[in-house]
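From a predicted model like this one, the values you see are computed outputs, not experimental measurements.
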Amino acid sequence: MKLGYTIIYVPDVAASIAFFEQAFGLVRRFVHESGTYGELDTGETTLAFAALELGHTHFPAGFVAASESPQPLGFEVAFVTPSVPEAHARALAAGATELLAPEAKPWGQTVSYVRCPDGTLVELCTPVGA
């Protein structure tokens, strides 16, 4: 088994795709003509966004939307980059909220955290052992 997709339920798929393109330099793979689903090219694993209303069809009892939670949800999307300070500044300029400025960790990584306008928690980090 391997990880194929990470799907984040968001209020506006096109806006989330556009933000991730601008903030993190990712490339749009496609957005469905309905506007309820879209994917970014991130390598082997797909990062996708689905509309909140689509999520409600899958989970009729409800779910916690990151966009509606005052606190970040207990998971993150992590992007590995050689320059966390540059990536962090780019994300903030695109509209992300800073949760942790770039910081050197004892295990050798530089790490920062931002929260995207759709509520998604993103870690920016150097490779482990870098």
Donor-acceptor pair, distance only, cut-off 3.5 Å: does the side chain of Ser16 make one with the backbone of Val13? no
Picking from Phe19, Tyr5, Phe20, Phe30, what satisfies ring pair (Phe, Tyr, Trp, His ring centres under 6.0 Å) with Phe49? Phe20
Under the rule for side chain to side chain contact (heavy atoms under 4.5 Å, CB included), what residues qualify as partners of Phe63, not counting sequence neighbours? Tyr9, Leu52, His56, Phe59, Ala65
I need the Thr97 OG1 to Leu92 CG distance, nearest 0.5 Å. 8.0 Å
Looking at CZ of Arg90 and OG of Ser83, how far apart are the two atoms once the value is rounded to the nearest 0.5 Å? 11.5 Å
Are Val31 and Leu47 co-members of a hydrophobic cluster defined by side-chain heavy atoms under 4.5 Å apart? yes
Around atom CD of Glu53, are there more than 12 heavy atoms from other residues, nucleotides or ligands closer than 6.0 Å? yes
For the residue pair Pro60 and Thr57, what are the closest heavy atoms and their distance? CD-O, 4.2 Å
Intermediate values then yes/no, side-chain contact (heavy atoms from CB on, under 4.5 Å), Thr6 and Phe75: CA-CA 11 Å; Thr6 295; Phe75 71 93; 5.6 Å; no
All heavy atoms of Val64 vs all of Ser69, minimum pair found to be CG1-CB, 4.3 Å
Working to the nearest 0.5 angstrom, can you tell me the gap between Ile8 CD1 and Thr120 OG1? 4.0 Å
Looking only at heavy atoms, which two atoms of Val84 and Val111 are closest? And how far apart? CG1-C, 4.2 Å
For the CD atom of Glu21 and the CG atom of Asp41, what is their distance to the nearest 0.5 Å? 11.0 Å
Non-hydrogen atoms of Arg29 and Gly43 that approach each other most closely: NH2-O, 4.0 Å
Crowding at CD, Glu76 (>12 non-hydrogen neighbours, <6.0 Å): yes
I would like to know whether Phe24 and Leu40 meet side-chain contact (heavy atoms from CB on, under 4.5 Å); could you show each step before the answer? CA-CA 11 Å; Phe24 307 114; Leu40 291 166; over 6 Å; no
Side-chain heavy atoms nearer than 4.5 Å, only ILVMFWY residues, links allowed to pass through others: does that put Leu121 and Leu124 together? no
Answer whether the closest heavy-atom distance between the side chains of Thr42 and Leu26 falls below 4.5 Å. yes
CG-CZ distance between Leu100 and Arg115, expressed to the nearest 0.5 angstrom: 15.0 Å
Looking only at non-hydrogen atoms, find the nearest pair between Ala48 and Glu39 and report the distance. CB-CG, 4.0 Å
Looking at every non-hydrogen atom in both residues, tell me the closest pair between Ala101 and Ser112 and how far apart they are. C-CB, 3.9 Å
side-chain contact (heavy atoms from CB on, under 4.5 Å) assessment of Asp12 paired with Asp118: CA-CA 8 Å; Asp12 184 333; Asp118 63 18; over 6 Å; no
Gap between atom CD of Glu103 and atom CD of Gln109 - 0.5 Å precision: 11.5 Å
